[in-house]
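This report concerns only the one structure given below.
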Protein chains: 2
Amino acid sequence: MAFNDADQLAINTVRLLAVDATYACSSGHPGAPMGLAPVAHVLFNRFLNFNPKNPNWLNRDRFVLSNGHGCMLQYALLHIYGYAVSMDDIKSFRKLGSILPGHPEAHDTPGVEVTTGPLGQGVANAVGLAMAQAHTAARFNKPQFNLLGNLICVYDDNHISIDGDINCAFTEDVGKRYEAYGWQVIIVEDGDSDLNAISAAFQEAQNVKDKPSLIKLRTTIGYGSIKQGTHGVHGSPLQAADIKQLKEKFGFDPDRTFDIPQEVYDLCGKRSSHGAALEERWNTLVTGYAEKHPVEHAELMRRMAGDLPNDWEKNLPVYTPSDPPEATRKLSEAVLERLESVVPDLFGGSADLTPSNLTRWKTAVDFQADITGLGDYSGRYVRYGVREHAMGGIMNGLAAYGTVLPYAGTFLNFVSYAAGAIRLSALSQSRVLWVATHDSIGLGEDGPTHQPIETLSHFRSMPNTMVWRPADGNETSAAYYVALTSKHTPSILAFSRQQLPQLEGSTYEKAIKGGYTLREVDGADITLVSTGSEVSLCVEAAKHLQKHHDLRARIVSMPCLEAFDSQDLEYRLSVLPHGIPSLSVEVMSTTGWARYTHEQFGLDRFGASGPAKELYEKFEFTPEGISKRAVAVVEAWKTVTNLPSAIRRAF
Amino acid sequence: MAFNDADQLAINTVRLLAVDATYACSSGHPGAPMGLAPVAHVLFNRFLNFNPKNPNWLNRDRFVLSNGHGCMLQYALLHIYGYAVSMDDIKSFRKLGSILPGHPEAHDTPGVEVTTGPLGQGVANAVGLAMAQAHTAARFNKPQFNLLGNLICVYDDNHISIDGDINCAFTEDVGKRYEAYGWQVIIVEDGDSDLNAISAAFQEAQNVKDKPSLIKLRTTIGYGSIKQGTHGVHGSPLQAADIKQLKEKFGFDPDRTFDIPQEVYDLCGKRSSHGAALEERWNTLVTGYAEKHPVEHAELMRRMAGDLPNDWEKNLPVYTPSDPPEATRKLSEAVLERLESVVPDLFGGSADLTPSNLTRWKTAVDFQADITGLGDYSGRYVRYGVREHAMGGIMNGLAAYGTVLPYAGTFLNFVSYAAGAIRLSALSQSRVLWVATHDSIGLGEDGPTHQPIETLSHFRSMPNTMVWRPADGNETSAAYYVALTSKHTPSILAFSRQQLPQLEGSTYEKAIKGGYTLREVDGADITLVSTGSEVSLCVEAAKHLQKHHDLRARIVSMPCLEAFDSQDLEYRLSVLPHGIPSLSVEVMSTTGWARYTHEQFGLDRFGASGPAKELYEKFEFTPEGISKRAVAVVEAWKTVTNLPSAIRRAF
């Protein structure tokens with residue numbers, strides 16, 4: 001269908017909405033929306049299938065705005081097409097309490113699929129969404145019941161960076177680079193006004209089924225502004241005089257703001273109605289699917305609700321002290337082996353460390369295109385390669401799709417490479433699991449370049465992020481239980497490379513509280529608080545203290561500070577009571593522990609290269625080394641009366 | 001000069017040294033050294049200029065082993081060519097106390113230029129080294145006194161990843177991708193045995209002066225092993241039987257280990273002597289340079305010593321409370337404006353945020369190739385583009401070269417993207433400065449995606465890393481002073497977007513201690529401890545407490561915890577004395593503060609999108625909000641007798 005004046009009007013309306021909204025809040029980014037309005041109009045009005053009345057319709061096409069600072073483009077479209085984004089919302093852009101924040105946040109705004117703004121995330125998010133769709137199709141499609149996936153990426157080639165012309169920092173041939181990745185590359189020379197070329201590009205991209213497409217779209221940032229084509233229109237509102245000439249140029253009344261002609265609502269409303277009709281048809285399809293394939297249908301609905309199968313947790317391994325010592329990474333593998341068939345939503349992978357992370361169950365099929373001969377789209381294991389950051393972004397996309405439960409492995413020390421992506425998991429409340437093995441100097445010979453010191457405190461201080469460091473098999477099961485049942489929180493599960501004993505007194509029920517008393521004693525002189533591989537050392541230290549110093553030590557295992565914080569005060573004080581000095585023991589940065597214990601024994605320096613056992617001895621993480629410090633703690637605190645528990649807060 | 005049996009013998013000797021060394025410590029990575037021995041031999045024996053007797057010779061060629069796990073390749077070469085790496089050192093590979101750790105560490109091993117192992121760093125390090133060389137040449141070369149730069153990258157195309165054949169995770173055309181970046185790409189089909197082709201490739205690369213070169217070298221990982229060409233030879237030693245057949249195959253005595261034929265020492269020694277002679281010649285050149293250009297010579301020597309010009313610090317701005325309020329990012333700009341001419345080693349940049357970070361002084365020239373017309377190699381400002389991680393890796397390379405002092409800017413929240421690179425700055429003791437602006441919710445409307453919460457605690461818990469958050473102009477000068485004079489430590493300088501007053505009682509001399517008493521009072525009821533934009537709020541809170549609650553508050557400004565920790569205990573206790581409850585006030589994660597204060601007021605959640613002032617009110621970071629909490633703290637702690645300062649440690 002040809003484009004006409006109504007299309008141009010809709011495009012200019014979006015441009016002016018971005019201009020008025022940024023002007024009204026005296027901040028924001030008008031340039032990108034002004035440059036991208038044409039491609040966005042063609043995409044939303046002619047290609048994208050969506051139903052504004054139900055932003056969560058499973059079979060919708062998904063739109064990711066990778067350059068999140070251009071969010072007024074998306075917000076304007078959401079409003080015009082009839083999502084639950086009112087004109088008052090548009091006017092509240094970037095104001096406190098608005099559902100339209102300065103950069104798009106998935107859980108704030110209906111119609112926003114993923115949280116963007118921090119750059120280098122959106123493409124990976126979109127890849128994850130496309131993977132989830134391909135997998136869901138492979139898993140649930142049946143003859144006459146089809147769902148299909150595809151990935152089209154639009155590259156806004158506006159030649160502008162904040163520092164000026166892109167040539168100052170970026171001279172690569174982007175099209176050639178994506179061809180090198182094996183993508184289809186389509187070039188549109190005039191993205192400002194050649195709607196037919198844009199439309200043809202999307203058509204061509206849709207026809208390519210065997211690879212993703214990049215549409216390299218030449219645009220003018222801030223199109224129409226006096227400063228168009230410069231970084232002057234990127235990050236601050238246009239001047240009043242500029243806005244005036246712009247509205248006149250576009251045939252709008254310069255004295256009116258937030259002006260949306262009825263015919264624009266009408267034009268866009270038609271597309272929305274089309275989407276609603278498509279969902280109607282799809283719902284009929286699903287009803288038929290439910291009749292013919294009730295089991296699959298029930299599972300699909302369960303997944304979309306974010307629930308897990310009934311009694312799934314009964315499959316979590318349980319251990320007794322008589323069970324053999326094991327590395328927690330091996331115990332993690334045992335959990336995955338047990339769960340993969342019970343929780344078919346599990347969608348795993350590793351950043352090229354599968355044999356070390358032990359993240360792949362024996363019968364796993366790789367997620368690969370059939371033609372590779374390496375797997376198929378029904379597969380649930382991804383070979384991410386050495387790409388922690390992209391892996392994090394892809395998992396956010398997988399989680400956002402809503403039918404799979406992503407987890408992936410790397411060494412704990414290299415989770416930091418994905419810090420930017422994990423922060424968005426936390427902010428967008430994505431259930432994503434990181435299997436982070438080789439969690440301390442206990443990894444040994446690989447040395448300081450691979451030995452985490454600051455990693456746990458980094459992620460413990462990140463809001464809405466759970467960090468687990470289990471000490472044995474029961475705690476490993478507990479870590480998976482809480483991580484999988486926390487629908488809106490990413491988790492980092494830190495596992496040891498080295499063997500650890502199954503602890504006397506550890507149970508899955510106690511461990512899910514995040515912290516618990518492993519060993520209680522009457523008239524205790526000190527509480528030893530520890531995690532992971534150091535807990536069993538504290539058990540030995542307690543014996544040593546009793547024998548050589550006549551001191552009685554309580555032992556607390558604290559696999560997850562965040563889970564412990566969520567328990568009521570009474571319980572927390574029963575674990576870390578008033579009146580008894582406490583000492584934390586963790587073979588990495590002590591940062592953060594002082595909110596739980598009066599004294600801290602840790603490793604506030606880089607490690608060393610050598611056998612694990614020798615490293616523990618070098619840094620005195622031995623029963624003797626712990627005891628020596630415990631004695632000093634008891635001595636130092638005995639003069640203090642009414643000693644409050646370190647978790648006591650004044651407010 | 002043609003290659004003969006001696007060359008092949010040297011190659012196989014290196015292969016077997018890697019095999020024996022990994023076998024001896026029962027860990028490590030033999031495969032890469034075995035596959036890369038030929039190219040390494042050609043490079044070291046025919047192209048690379050170095051003097052093992054002086055690994056720090058300025059005009060040497062620099063070798064970066066990006067795949068640091070292959071370090072036995074480099075260690076073997078360092079030994080054979082006569083660096084201070086003995087056979088006993090080789091035998092101690094990966095053992096505790098060895099100068100040959102599991103991955104290369106610059107400060108541990110003579111001849112190792114940069115610390116590698118964590119992947120995705122080496123190429124950026126090499127780019128930084130090449131940039132530093134080009135800049136130093138442009139700055140110091142004179143007619144008849146020439147120094148020259150070039151960058152050649154060898155891509156080990158061995159088709160293997162830990163997860164198996166590279167096709168499982170990596171199908172891109174690497175050569176085409178580097179061509180898209182504008183590199184010269186040279187392909188060597190047989191990197192296992194075609195020494196002439198390898199030599200020709202280096203020759204061709206050296207002849208290309210206007211762009212870097214990538215030599216795509218097809219090799220066989222673990223060449224010679226029964227398991228050659230599989231990931232089985234990557235990360236663990238070969239089996240005894242395999243080693244036996246390998247030594248026989250290479251004509252070595254299978255019963256001997258660490259076997260180095262004298263003719264190999266002789267062949268390699270020749271190259272080392274050649275390098276020594278080159279340095280001799282260069283030293284003569286430098287002597288002549290010193291006579292003709294004494295000023296430049298003195299400066300070059302000063303830079304290589306890591307020293308700063310005499311009295312440079314006298315140029316740091318000094319402020320009084322009567323000076324106007326200013327954003328600390330502006331105050332940072334003022335420091336750079338003052339220092340750029342006094343400290344010509346300063347080599348700045350930004351990740352495409354120059355107008356926001358204010359990192360570029362007015363008269364700066366960009367570091368660019370002349371042909372771009374955008375600058376030249378004498379320029380000292382880099383347009384890094386939106387590449388925080390690469391920027392961090394490049395700065396590590398710049399610092400490693402030894403003649404420039406790198407700093408660069410981005411938003412504090414996005415420093416996390418470079419976490420992997422900054423960790424290596426800290427581990428390799430590189431003096432690198434991050435100008436991290438927009439340091440809190442005070443950035444306002446850009447919202448939670450851009451507002452740091454966990455960033456400071458992350459880097460405060462990283463060993464050998466200094467984090468500064470100045471409250472005003474004098475503290476900003478102090479931050480730069482300590483960061484620039486700490487020769488072996490990277491620093492992150494957090495600056496505000498919003499204006500802050502010049503504080504009564506702040507001086508440069510006090511601030512360089514990292515923490516100091518800004519306001520002392522007799523019979524204080526509480527100590528308020530704060531940083532950056534919250535310090536002036538605490539000053540107001542103290543007035544409020546006096547007026548409305550008859551409580552007296554001491555105020556401590558703590559711009560850098562690490563600098564404060566390095567002061568003697570007596571001083572630290574004078575700042576945070578026993579017997580007085582303390583409250584930290586910082587508008588981000590409270591993690592870490594409990595080691596300094598009894599109670600913490602912070603923001604342990606994500607921020608919000610809105611004007612800065614409204615955000616501070618929403619989260620109660622106001623004089624009233626602080627006072628309310630201070631009152632609760634005084635109340636909660638009055639029952640505790642002999643209250644020790646929170647910095648008191650039992651051990």
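When reading the values below, keep in mind they use all heavy atoms of this one structure, side chains included, and skip hydrogens, waters and symmetry mates. Keep in mind it's a predicted model, so treat the numbers as computed, not measured. Numbers restart at 1 for each chain; the letters A, B, ... are given by sequence-line order, proteins then strands.
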Report task. Please flag which part of B/Leu119 lies under 4.5 Å from any non-hydrogen atom of chain A: side chain, backbone, both or neither. Result -> both

Query raised in the report: Which bit of B/Gln121 is near chain A, if near means a heavy-atom gap under 4.5 Å: side chain, backbone, both or neither?
Result: side chain

Query raised in the report: Side chain, backbone, both or neither: which part of B/Asn413 has a heavy atom under 4.5 Å from chain A?
Result: side chain

Query raised in the report: Based on non-hydrogen pairs under 4.5 Å, which of B/Glu614, B/Arg94, B/Lys95 is most in contact with chain A?
Result: B/Arg94

Report summary line: Of the listed A/Arg360, A/His231, A/Glu179, the one with the largest count of heavy-atom pairs under 4.5 Å with chain B is A/Glu179

Requested in this report: List the steps and the verdict of side chain to side chain contact (heavy atoms under 4.5 Å, CB included) for A/Met462 and B/Ile453.
Outcome: CA-CA 7 Å; A/Met462 184 180 280; B/Ile453 297 295; over 6 Å; no

Query raised in the report: Do B/Arg605 and A/Asn464 have side-chain N/O donor and acceptor atoms under 3.5 Å apart?
Result: no

Query raised in the report: Side chain, backbone, both or neither: which part of B/Cys25 has a heavy atom under 4.5 Å from chain A?
Result: backbone

Report summary line: With chain A, the option among B/His69, B/Glu105, B/Lys618 that has the most non-hydrogen atom pairs under 4.5 Å is B/Glu105

Query raised in the report: Side chain, backbone, both or neither: which part of B/Ser27 has an atom under 4.5 Å from a heavy atom of chain A?
Result: side chain

Query - Chi angles and distances behind the side chain to side chain contact (heavy atoms under 4.5 Å, CB included) call for A/Trp183, B/Glu172 - result: CA-CA 10 Å; A/Trp183 289 43; B/Glu172 70 180 56; over 6 Å; no

Query raised in the report: When you check the side-chain N and O atoms of B/Ser161 and A/Asp352, is any donor under 3.5 Å from an acceptor?
Result: yes

Report summary line: Of B/Glu388, B/Arg387, B/Lys628, B/Met588, the largest count of non-hydrogen pairs under 4.5 angstrom with chain A goes to B/Arg387

Report summary line: One option among B/Glu635, B/His450, B/Arg460 has the most heavy-atom pairs under 4.5 Å with chain A, and it is B/His450

**Report entry** Side chain to side chain, B/Phe651 and A/Val631, heavy atoms closer than 4.5 Å
**Finding:** no

Query raised in the report: Do B/Trp593 and A/Thr591 touch side chain to side chain, with heavy atoms closer than 4.5 Å?
Result: no

Query - For chain B, the option from A/Ala419, A/Ser457, A/Pro104, A/Pro448 that forms the most heavy-atom pairs under 4.5 Å - result: A/Pro448

**Report entry** Which portion of B/Ser98 sits near chain A, non-hydrogen atoms under 4.5 angstrom
**Finding:** neither

Requested in this report: Find the one option among A/Ala650, A/Gly102, A/Pro463 whose heavy-atom pairs under 4.5 Å with chain B are most numerous.
Outcome: A/Pro463

Query raised in the report: Going from CZ on A/Arg595 to CG on B/Asp604, what distance comes out if it is rounded to the nearest 0.5 angstrom?
Result: 6.0 Å

Report summary line: From the list A/Pro118, A/Cys71, A/Pro644, A/Gly117, the residue making the most non-hydrogen contacts under 4.5 Å with chain B is A/Pro118

Query raised in the report: Quick one: of A/Gly447, A/Ser92, A/Ser589, who has the most non-hydrogen atom pairs under 4.5 Å with chain B?
Result: A/Ser589

Report summary line: Scanning both residues in full, the closest heavy-atom pair of B/Arg177 with A/Ala180 reads N-CB, 3.6 Å

**Report entry** Any A/Leu427 side-chain heavy atom under 4.5 Å of B/Thr449 side chain
**Finding:** yes

Query raised in the report: Are B/Asp163 and A/Pro355 close enough that some pair of their side-chain heavy atoms sits under 4.5 Å apart?
Result: yes

Requested in this report: Decide yes or no on side chain to side chain contact (heavy atoms under 4.5 Å, CB included) for B/Gln368 and A/Cys168, but give the supporting numbers first.
Outcome: CA-CA 8 Å; B/Gln368 297 272 9; A/Cys168 74; 4.1 Å; yes

Query - Options B/Gly385, B/Ala169, B/Pro581, ranked by heavy-atom pairs under 4.5 Å with chain A, top entry - result: B/Ala169

**Report entry** Between NZ on residue B/Lys176 and CG on residue A/Asp173, distance to nearest 0.5 Å
**Finding:** 9.0 Å

Query raised in the report: So B/His458 and A/His458, would you call those rings parallel, tilted or perpendicular, with 30° and 60° as cut-offs?
Result: parallel

**Report entry** Sidechain N-carboxylate O distance under 4.0 Å for B/Glu599, A/Arg649
**Finding:** no

Query - B/Ala646, part contacting chain A, at a heavy-atom distance under 4.5 Å - result: neither

Query raised in the report: Where on A/Val633 is there a heavy atom nearer than 4.5 Å to chain B: the side chain, the backbone, both, or neither?
Result: both

**Report entry** Contacting region of B/Leu603 [heavy-atom separation from chain A under 4.5 Å]
**Finding:** neither

**Report entry** Steps toward side chain to side chain contact (heavy atoms under 4.5 Å, CB included) verdict (A/Val640, B/Leu643)
**Finding:** CA-CA 7 Å; A/Val640 181; B/Leu643 174 67; over 6 Å; no

Requested in this report: Step through it carefully: locate the ring centre of A/His389, locate the ring centre of B/Tyr417, and say whether they are under 6.0 Å apart.
Outcome: yes

Query - N-O pairing of A/Arg423 and B/Glu454 below 4.0 Å - result: yes

Report task. Considering only heavy atoms and a distance below 4.5 Å, find which of B/Gly97, B/Ser609, B/Pro611 pairs most often with chain A. Result -> B/Ser609

Query - Heavy-atom contact with chain B under 4.5 Å, split by part of A/His598 - result: neither

Requested in this report: Answer with side chain, backbone, both or neither: which region of B/Tyr384 has an atom nearer than 4.5 Å to a non-hydrogen atom of chain A?
Outcome: backbone

Report summary line: Applying a strict 4.5 Å limit to non-hydrogen atoms, the region of A/Thr641 in contact with chain B is both

Query raised in the report: Should the pair B/Arg648 and A/Trp637 be classed as cation-pi, given the thresholds of under 6.0 Å to the six-membered ring centre and 45° from the axis?
Result: yes

Query - Contact class of B/Thr354 relative to chain A, heavy atoms under 4.5 angstrom - result: both

Requested in this report: Check whether A/Leu374 gets within reach of chain B through its side chain, its backbone, both or neither, counting any heavy atom under 4.5 Å.
Outcome: side chain

Query - A/Asn642-B/Thr639 side chain donor-acceptor pair, cut-off 3.5 Å - result: no

Query raised in the report: Between A/Leu424, A/Thr372, A/Thr590, which has the largest tally of heavy atom pairs under 4.5 Å with chain B?
Result: A/Thr590

Requested in this report: Using non-hydrogen atoms and a 4.5 Å limit, figure out which bit of B/Phe601 sits close to chain A: side chain, backbone, both or neither.
Outcome: both

Query raised in the report: Which heavy atom of A/Asp446 sits nearest a heavy atom of B/His103, and at what distance?
Result: O-ND1, 2.8 Å

